[in-house]
Peer 1: 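Below is one structure. I have some questions about it.
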Amino acid sequence: MVNLYVTPSCNSCRKAKEWLKQHNIPFKERNILNEPLTRKELLDVLRLTENGTEDIISTRSMEFKELNLDLDDLSIDQLLNFIEKHSGILRRPIIVDDRRLQVGYKEEEIRRFLPRSVRRLELAKASMFAD
């Protein structure tokens with residue numbers, strides 16, 4: 001099952017949700033402003049990142065800028081507590097399952113959530129048109 005973590009005013013979140021629906025990918029949607037990620041969920045997301053907090057924290061967000069914080073000065077425990085209290089600093093959408101993570105909406109990257117058989121079929125079709 002794919003988890004889709006969103007906020008209501010996020011255009012990229014709406015695009016990701018629509019894409020998942022169009023491709024019949026079952027997902028569970030959650031508004032992270034109303035129901036923030038738990039410590040375990042944050043650790044699960046961080047475990048799937050390539051660059052740690054850099055991949056999930058929006059340092060350009062107003063909320064982050066107003067907090068005037070250096071993430072490098074925080075222990076992992078302090079960081080998790082901070083994110084739990086200020087979930088608005090997370091980049092969105094966060095799309096995650098047991099093995100894959102995507103932060104933000106990029107159509108070429110979200111395709112990784114398609115079942116492997118569908119990806120193979122699309123690759124075969126694309127190869128036919130390339131010849």
Side-chain angles (χ1 to χ4, degrees):
M1 170 71 69
V2 172
N3 289 304
L4 178 64
Y5 300 116
V6 301
T7 57
S9 62
C10 170
N11 285 332
S12 293
C13 297
R14 286 191 286 276
K15 287 179 185 177
K17 181 179 175 178
E18 189 57 35
W19 190 91
L20 291 169
K21 284 181 181 179
Q22 286 176 356
H23 291 85
N24 299 313
I25 298 173
F27 65 95
K28 187 169 52 172
E29 179 181 359
R30 186 158 112 210
N31 177 340
I32 61 172
L33 297 180
N34 291 340
E35 189 181 344
L37 275 71
T38 65
R39 181 181 282 299
K40 181 189 178 320
E41 290 167 331
L42 286 168
L43 284 170
D44 290 344
V45 166
L46 281 168
R47 195 171 308 120
L48 293 171
T49 63
E50 291 181 21
N51 302 305
T53 57
E54 207 173 290
D55 289 348
I56 64 168
I57 303 278
S58 176
T59 56
R60 295 183 300 169
S61 72
M62 288 299 275
E63 185 173 3
F64 184 83
K65 288 178 181 178
E66 288 171 2
L67 293 167
N68 194 22
L69 186 70
D70 186 352
L71 295 175
D72 294 332
D73 292 340
L74 300 177
S75 69
I76 189 69
D77 194 49
Q78 291 170 320
L79 175 68
L80 293 172
N81 287 335
F82 179 75
I83 295 172
E84 283 178 310
K85 291 177 185 150
H86 303 280
S87 57
I89 67 164
L90 290 173
R91 293 178 58 212
R92 304 172 290 279
I94 296 174
I95 309 163
V96 64
D97 65 12
D98 294 333
R99 302 178 320 269
R100 297 168 288 212
L101 168 72
Q102 180 175 332
V103 181
Y105 175 78
K106 296 177 189 98
E107 188 165 355
E108 56 279 356
E109 292 179 18
I110 198 172
R111 302 187 81 64
R112 73 180 84 183
F113 289 96
L114 286 169
R116 190 177 307 256
S117 59
V118 173
R119 288 194 313 252
R120 278 194 202 116
L121 182 60
E122 287 187 357
L123 184 59
K125 284 181 188 177
S127 295
M128 287 177 18
F129 291 114
D131 292 335

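Computed from a predicted model, the values in this text were never measured in an experiment. We're numbering straight along the sequence, starting at 1. Only heavy atoms go into these numbers, but all of them, side chains included; no hydrogens, no water, no symmetry mates.
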Peer 1: Could you tell me if the side chain of L69 sits less than 4.5 Å from the side chain of I89, heavy atoms only?
Peer 2: no
Peer 1: Does N24 have any side-chain contact (heavy atoms from CB on, under 4.5 Å) partners at least two apart in sequence or in another chain, and if so, which?
Peer 2: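 Per chain and number, N24 pairs via side-chain contact (heavy atoms from CB on, under 4.5 Å) with no residue.
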Peer 1: Kindly write out the residues that satisfy ring-ring contact (aromatic ring centres under 6.0 Å, His included) with F82, not counting sequence neighbours, or none if the list is empty.
Peer 2: H86
Peer 1: Sequence neighbours excluded, which residues qualify as side-chain contact (heavy atoms from CB on, under 4.5 Å) partners of P8?
Peer 2: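 Testing P8 for side-chain contact (heavy atoms from CB on, under 4.5 Å), a comparison that skips the adjacent residues, returns N31, L33.
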Peer 1: What ring pair (Phe, Tyr, Trp, His ring centres under 6.0 Å) pairs are there with at least one residue in residues 27-77, not counting sequence neighbours?
Peer 2: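 Sorted pair list comes back empty.
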Peer 1: Looking at residues at least two apart in the chain, or sitting in another chain, which of them share a side chain to side chain donor-acceptor pair (under 3.5 Å) with T59?
Peer 2: none
Peer 1: Please list, chain by chain and in numerical order, all residues satisfying side-chain contact (heavy atoms from CB on, under 4.5 Å) with L48, sequence neighbours excluded.
Peer 2: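 Partners of L48 under the side-chain contact (heavy atoms from CB on, under 4.5 Å) test: V96, L101.
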Peer 1: Please evaluate residues E109 and R112 with respect to the criterion salt bridge (charged side-chain N to carboxylate O under 4.0 Å, His left out), reporting the C-alpha separation (whole Å), side-chain torsions for both, the decisive distance (0.1 Å), and the verdict.
Peer 2: CA-CA 6 Å; E109 292 179 18; R112 73 180 84 183; 3.5 Å; yes
Peer 1: Hey, could you give me each pair passing salt bridge (charged side-chain N to carboxylate O under 4.0 Å, His left out) that has a residue in residues 11-29? Not counting sequence neighbours.
Peer 2: K17-E29
Peer 1: Once side chain to side chain donor-acceptor pair (under 3.5 Å) is applied, do any residues pair with S75, and if so which ones, sequence neighbours excluded?
Peer 2: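 For S75 the side chain to side chain donor-acceptor pair (under 3.5 Å) partners, ignoring immediate neighbours, are Q78.
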Peer 1: Using the salt bridge (Lys or Arg N to Asp or Glu O under 4.0 Å) criterion, which residues pair with D44? Sequence neighbours excluded.
Peer 2: K40, R47
Peer 1: Are any of the side-chain heavy atoms of I110 and R100 separated by less than 4.5 Å?
Peer 2: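 The answer is no; the side chains never approach within 4.5 Å.
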Peer 1: Who pairs with E35 by salt bridge (Lys or Arg N to Asp or Glu O under 4.0 Å), at least two apart in sequence or on another chain?
Peer 2: R30
Peer 1: Report yes or no: does Q102 contribute a side-chain atom to a donor-acceptor pair with the main-chain N or O of I95 at less than 3.5 Å?
Peer 2: no
Peer 1: Got a sec, which pairs hit salt bridge (charged side-chain N to carboxylate O under 4.0 Å, His left out) with one end in residues 52-74, sequence neighbours left out?
Peer 2: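 Output for this query is empty, none listed.
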Peer 1: Any heavy-atom pair between the side chains of V45 and L42 that's under 4.5 Å?
Peer 2: no
Peer 1: In chain order, what residues pass the side chain to side chain donor-acceptor pair (under 3.5 Å) check against S12, with sequence neighbours excluded?
Peer 2: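 Side chain to side chain donor-acceptor pair (under 3.5 Å) check on S12 returns nothing, list empty.
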